[in-house]
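These notes are about the structure you will find just below.
Everything numeric in this text was worked out from a predicted model, so none of it was measured.
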Amino acid sequence: DTGVSQDPRHKITKRGQNVTFRCDPISEHNRLYWYRQTLGQGPEFLTYFQNEAQLEKSRLLSDRFSAERPKGSFSTLEIQRTEQGDSAMYLCASSLVMGGDVRFGSGTRLTVV
Amino acid sequence: DQQVKQNSPSLSVQEGRISILNCDYTNSMFDYFLWYKKYPAEGPTFLISISSIKDKNEDGRFTVFLNKSAKHLSLHIVPSQPGDSAVYFCAASKVDSWGKLQFGAGTQVVVTP
């Protein structure tokens with residue numbers, strides 16, 4: 001169990017640029033989740049996958065956000081035309097389909113200037 | 001719509017004493033509850049969980065109590081140690097959307113010598 005891995009740890013980008021984050025889940029976990037956390041708040045659910053199928057997207061996820069998990073292993077989260085309000089910690093997590101714990105990665109801190 | 005609430009933003013406790021963190025929820029469909037600890041610039045670390053069919057779960061220094069009728073759960077840490085200083089998040093999930101967690105806003109715990 002090498003844990004959930006996220007890359008990069010930090011990203012600073014100019015407003016209007018596109019950014020992409022990567023998440024590698026725990027290998028035996030078939031569910032993968034994306035969350036966003038802003039200062040003083042708990043993580044907020046964005047979307048999740050079971051294997052390669054995206055099962056649900058939060059209404060928080062605007063059209064500028066897209067997530068993929070093409071082979072049911074790693075996942076990417078892309079934000080197009082970034083805005084200052086996108087500045088947050090983006091967290092990836094993984095779990096088994098049913099039961100067990102939801103394990104989080106260390107997150108990607110995005111700062112939009 | 002905040003379905004999971006942690007009404008105490010901070011808690012200060014002396015080393016060796018008991019820390020009690022509280023969490024309330026409004027959605028009676030939640031059937032699994034988790035506690036996470038978070039250090040700055042890191043992702044949440046899983047601590048302990050409880051199913052709605054139980055009223056208590058214990059793991060070492062950590063015990064979680066669930067009162068379904070009151071829609072209330074609490075985390076007891078005893079004895080508290082300096083390394084326990086962190087932000088603690090309560091989270092809830094439904095079995096049919098496993099891993100889609102609703103988080104509270106967190107409680108900052110400071111353990112003083």
Interatomic distance, T13(A) atom OG1 to L110(A) atom CG [nearest 0.5 angstrom]: 7.0 Å
Heavy-atom proximity to chain B below 4.5 Å, by part of Q37(A): side chain
Distance-only polar pair, side chains of N18(A) and Q80(A), donor-acceptor under 3.5 Å: no
Side-chain ion pair, D86(A) and R15(A), N-O less than 4.0 Å: no
V4(B) and F89(B), any side-chain heavy atoms less than 4.5 Å apart: no
Which portion of S97(B) sits near chain A, non-hydrogen atoms under 4.5 angstrom: both
Segment of R109(A) engaging chain B (4.5 angstrom heavy-atom cut-off): neither
Per-residue contact mode, E56(A) against chain B (heavy atom under 4.5 angstrom): side chain
